[in-house]
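Here the structure is a predicted model, which is why all the values come from computation and not from measurement. Numbering of ligands and ligand atoms starts at 1, following listing order.
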Amino acid sequence: MKITSYQQNLLSDSERLTAFHQVISEKSKGIIYDLGTGSGVLSSWAAPLSRFVYAVEKDPLTAQIAQKNLSQFKNVSLMVNDAKSIFFPEKADIIICEMMDTALIDEDQVPVINSVREYLKKDGDIIPCGVFNGVEAVNTNINHPCYQEEETPHTELMSKLIIYDKIDFKKYIEPEIDYDIIIPVKNEGTVSAIKITTFTLLTPDFICGPTPMMNPPLLIPTNHLKVKGGENIILKLKYIMGGGLDTIRASFEAFS
Ligand SMILES: C[S@@+](CC[C@H](N)C(=O)[O-])C[C@H]1O[C@@H](n2cnc3c(N)ncnc32)[C@H](O)[C@@H]1O
């Protein structure tokens, strides 16, 4: 396959690929949409097991690569367009959509799924089918949202992980998040950021990740608040799914 370095990284993430390969092999049938097809790898697994695949990629250069990689399959049509604005001529048995990003903030997953869900057959499935989002209070030295990597400054965990959202892609998703979340603090010290962790549901029974290229943990700076072990604090958290990292607002308040 011919690929860019970004796609090379996506294709080197064996946990991500193994999970998708397993579910696509089990579920593929009939009419499939592969939205955000990228290199075309997921379509190439679905095509031999289905009647027809509509592969959609909005980036023209990426689409050229996908076109080459998928040319051997006579039952794949590549559409170079934004998946939100496509008219599909037939409904889908399976919608594959891998435009994942931590908490679904910085990619088009939610707007795309909200717009194509009407094309899913009644007994159809979406892969992945949803996410769980969790948050922890942390103390770390960052001044802008960043994904946690080896070079990220030391991060002290100040609370347990609280699952604050469960999103089912088969139901309408309200893109604007505005939550007050109670966080039980573990240690005495300062909280200065949050860490969001997203777990991907490939199927309702198959939770995957985070993996290096699918939803790596996201660190977001907050105000600094001195805390005691055992106390509760309030996290005020806002963002828009599909709106980008600039839409995030996160701050801590004492619980009264
Ligand atoms: C994370 S990559 C995944 C690529 C491939 N599905 C895979 O698993 O290797 C997401 C792809 O979706 C494409 N994309 C993002 N938003 C899109 C949209 N609104 N419509 C169509 N493609 C989109 C990007 O250009 C990118 O190629």
#### Entry: Pair K170 + D168: basic N to acidic O under 4.0 Å
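No.
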#### Entry: Electrostatic pair K27:D125 at N-O distance under 4.0 angstrom
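D125 and K27: salt-bridged.
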### Query
Under the 6.0 Å and 45° cation-pi test, does K91 pair with Y119?
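Cation-pi check for K91 and Y119: fails.
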### Task
Report yes if some heavy atom in the side chain of I194 is under 4.5 Å from a heavy atom in the side chain of M158; otherwise report no.
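They are not in contact (no side-chain heavy atoms under 4.5 Å apart), so the answer is no.
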List below, pair by pair, the N or O atoms of ligand 1 and of the protein that are less than 3.5 Å apart, including the distance to 0.1 Å; reply 'none' if no pair qualifies.
unit_1	atom_1	unit_2	atom_2	d
ligand 1	6 (N)	G36	O	2.8
ligand 1	8 (O)	R16	NH1	2.8
ligand 1	8 (O)	R16	NH2	3.4
ligand 1	9 (O)	R16	NH2	3.0
ligand 1	19 (N)	D82	OD1	3.0
ligand 1	19 (N)	D108	OD2	2.9
ligand 1	20 (N)	A83	N	2.9
ligand 1	22 (N)	K58	N	3.2
ligand 1	25 (O)	E57	OE2	2.6
ligand 1	27 (O)	E57	OE1	2.8
ligand 1	27 (O)	E57	OE2	3.4

### Query
Does a donor on one side chain and an acceptor on the other come within less than 3.5 Å for T37 and D34?
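Their side chains do contain a donor-acceptor pair, which is all the 3.5 Å distance test asks for.
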### Message
Just by distance, no angles: are the side chains of E90 and Y54 close enough, under 3.5 Å, to form a donor-acceptor pair?
### Response
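Y54 and E90 do have a side-chain donor-acceptor pair below 3.5 Å.
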